[in-house]
Amino acid sequence: MAAPLLLSANPNPVQLLPHIFSFLERCSDMKETKQIHARLIKTRLLQDNVAARRLIASYVKLESQSLSYAKSIFDRIHRPNILIWNIMIRAYSYSKQPYLALLLYVQMLARSPLCIDAFFFPFLLKACADLSALQQIQQIHSQIVKTGFCLQLYAVNSLLHAYAKCGCVSSARLLFDRIPMRDGVSWNSMIDGYAKAGQIEKASEIFRQMPARNVISWTSMIKSHVECGLYKEALSLFHDMLIERLEPDAVTLAIVLSACAQLGALDQGIWVRSYIDRNEIKMDSFLSCALVDMYAKCGEVEEALSIFKKTKKKTVQTWTAMITGLAAGYTPATKSLLLNLEEEEKATAVQQHSEKLAIAFGLISTREGTVIRIVKNLRVCEDCHSVTKLISKLYDRQIVVRDRTRFHLFKEGCCSCEDCW
């Protein structure tokens, strides 16, 4: 019913609005949103604040480049209401340019000083915390007090979190002590603040005083111990968490795996892996990276490689963990290098051999699974031979090298010459 109405020659603009709003709710890309944008301009419905707000909200939920479209619509609104200001400030606070949220807030105060409400403060304080802008946090703190929103717990919690994230734990603690009815966010923010400042004892003190500890609280404590190099204590906390019958989430398990990796605690790491499988916990990129890192650092490179290959969305961290794991067992072979150089200089020299550079270029310029073929007029050196085997295994590529003496087919970490050439 909606589609014919939108396509009709002279539809009633007021009748169009519900249908347009329905379409906006279902928009999933820029192309669809731009089509509705054009329709709103053509029917002059964009002059309506409600229509403008819905369109802006649709743009800001898409990819980051769409924020400029949202801003262009916003700039044409003569008197944006409080909801429109809120949408734009929120969008910028989560963008790569959070300072623009603060600039927009200043503009709002100049144009519509009565628009302010408590819902702005969490986004403004998030922007300040991301920028480590302590002076601006203090200014917003004074505004919260002046406007009477200091009794709104979500505004106060946002302020507490901002102080803690900026490392100003003394101010955070003063605020925390004055909150009459603290909730889980208040406690967790204070724990996280002390943990990030490296004050483990104070974080533990708050943790022990907490009336009801949840997964986030336990995860903050485990993470703080890992970041301070207290890996055994982190695993002990994880054990206590399980005793209290709390179910760890993917974030908790990834942090625990990092502790296992640092300790070389393979048995505990395997137990965590089995827990993930038993409870059918979704294997996101963060968790799979932690597993790869754990197995690689515990010497189980084959298992690390198996998980790495099954990971659909490989992040830079996942690649780094796998490469580091393979490199741990690699030592540059410099014996055959007939140069009058120090050992460290020889290691640098073999890194720059032409076949390594050719393979790197092949990896970045060809599609996944494409065979890489290299021809050189010298015998392939021992180091390049070892590295090419590792690369064929890591990237699951066949690499054919024709040197002065023969062909080498590198596949799945092995060479057709069987290391005799």
Side-chain angles (χ1 to χ4, degrees), residues 129 132 160-161 163-173 176 182 184-276 279 281 284-300 303-304 307 315 317-318 320-321 324-325 328:
S132 297
L160 171 60
H161 179 74
Y163 274 129
K165 190 173 180 180
C166 284
C168 195
V169 288
S170 57
S171 296
R173 184 59 191 265
F176 176 79
R182 306 181 190 107
V185 176
S186 314
W187 288 93
N188 290 331
S189 295
M190 198 65 247
I191 290 170
D192 195 50
Y194 275 131
K196 280 185 168 63
Q199 300 181 34
I200 300 298
E201 288 302 320
K202 289 188 176 180
S204 299
E205 179 189 336
I206 295 290
F207 182 71
R208 287 191 294 269
Q209 293 173 6
M210 197 172 181
R213 293 176 289 200
N214 56 22
V215 173
I216 297 172
S217 317
W218 283 97
T219 302
S220 294
M221 285 303 299
I222 295 168
K223 183 183 178 184
S224 65
H225 281 74
V226 170
E227 288 175 346
C228 290
L230 303 171
Y231 307 118
K232 289 183 179 179
E233 291 81 355
L235 292 182
S236 178
L237 275 169
F238 178 62
H239 183 257
D240 293 342
M241 177 184 175
L242 295 175
I243 289 173
E244 290 202 9
R245 296 190 176 182
L246 281 169
E247 294 183 2
D249 58 16
V251 176
T252 315
L253 294 170
I255 294 167
V256 170
L257 284 168
S258 69
C260 295
Q262 296 300 325
L263 290 170
L266 181 60
D267 290 341
Q268 287 91 331
I270 291 173
W271 187 91
V272 172
R273 168 78 182 281
S274 66
Y275 182 92
I276 292 167
N279 292 277
I281 294 172
D284 59 15
S285 58
F286 186 54
L287 191 53
S288 63
C289 177
L291 274 170
V292 169
D293 186 55
M294 185 276 295
Y295 276 116
K297 286 181 178 173
C298 289
E300 295 291 327
E303 189 60 34
I307 295 167
T315 63
Q317 290 78 14
T318 313
T320 302
T324 304

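Between Val226 and Ala259, the closest heavy-atom pair is CG2-CB, 4.0 Å. Pairing each heavy atom of Cys298 with each of Cys260, the nearest pair is SG-O, 4.1 Å. Across all non-hydrogen atoms, the minimal contact from Ile191 to Ala203 is O-CB, 3.9 Å. When all heavy atoms of Ala129 and Lys165 are compared, the closest pair comes out as CB-CD, 3.7 Å. Shortest non-hydrogen contact noted between Val256 and Val272 is CG1-CG2, 3.9 Å. When all heavy atoms of Val169 and Gly193 are compared, the pair lying nearest together is CG1-O, 3.4 Å.
Here the options are Ile307, Leu257, Leu253, the test is side-chain contact (heavy atoms from CB on, under 4.5 Å), and the partner is Arg273; only Ile307 passes.
Atom CD of Glu227 is separated from atom NZ of Lys196 by 6.5 Å, given to the nearest 0.5 angstrom. Distance check, rounded to the nearest 0.5 Å: CD of Gln209 to CE of Met190 gives 11.0 Å. Within the model, atoms CZ of Arg182 and CD1 of Ile206 stand 7.5 Å from one another, a figure rounded to the nearest 0.5 Å. Residue Phe176 holds its CZ atom at 9.5 Å from OG of Ser189, rounded to the nearest 0.5 Å. The CD1 atom of Ile216 sits 11.5 Å away from the CG atom of Leu246 when rounded to the nearest 0.5 Å. Atom-to-atom distance recorded for Thr252:OG1 and Met241:CE is 4.5 Å, nearest 0.5 angstrom.
Between Glu244 and Arg213 there is a side-chain heavy-atom pair separated by less than 4.5 Å. Residues Leu160 and Val185 fail the side-chain proximity criterion, which asks for heavy atoms closer than 4.5 Å. Contact check for Ser288 versus Thr315: no side-chain heavy atoms found under the 4.5 Å cut-off.
In this structure Ala296 satisfies the side-chain contact (heavy atoms from CB on, under 4.5 Å) test together with Ala304, sequence neighbours excluded.
Residue pairs that meet the ring pair (Phe, Tyr, Trp, His ring centres under 6.0 Å) test with at least one member in residues 207-232, sequence neighbours left out, are Phe207-Trp218.
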Output, in order, the C-alpha distance, side-chain angles, deciding distance and verdict of side-chain contact (heavy atoms from CB on, under 4.5 Å) for Tyr275 and Ile281. CA-CA 8 Å; Tyr275 182 92; Ile281 294 172; 3.8 Å; yes
Let's go through Val215 and Val251 carefully: what are the C-alpha distance in whole Å and the side-chain angles of both, what is the deciding distance for side-chain contact (heavy atoms from CB on, under 4.5 Å) to 0.1 Å, and is it a yes or a no? CA-CA 10 Å; Val215 173; Val251 176; over 6 Å; no
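Glu205 CD: more than 12 foreign heavy atoms inside a 6.0 Å radius. Within 6.0 Å of atom CD1 in Ile270, more than 12 heavy atoms from other residues, nucleotides or ligands are found, so the atom counts as buried in its surroundings. No more than 12 heavy atoms of other residues, nucleotides or ligands lie within 6.0 Å of CD in Glu201, so this atom counts as exposed by the packing criterion.
Side chain of Asp192 to backbone of Asn188: no donor-acceptor contact under 3.5 angstrom is found.
There is no side-chain donor-acceptor pair under 3.5 Å between Ser220 and Ser217.
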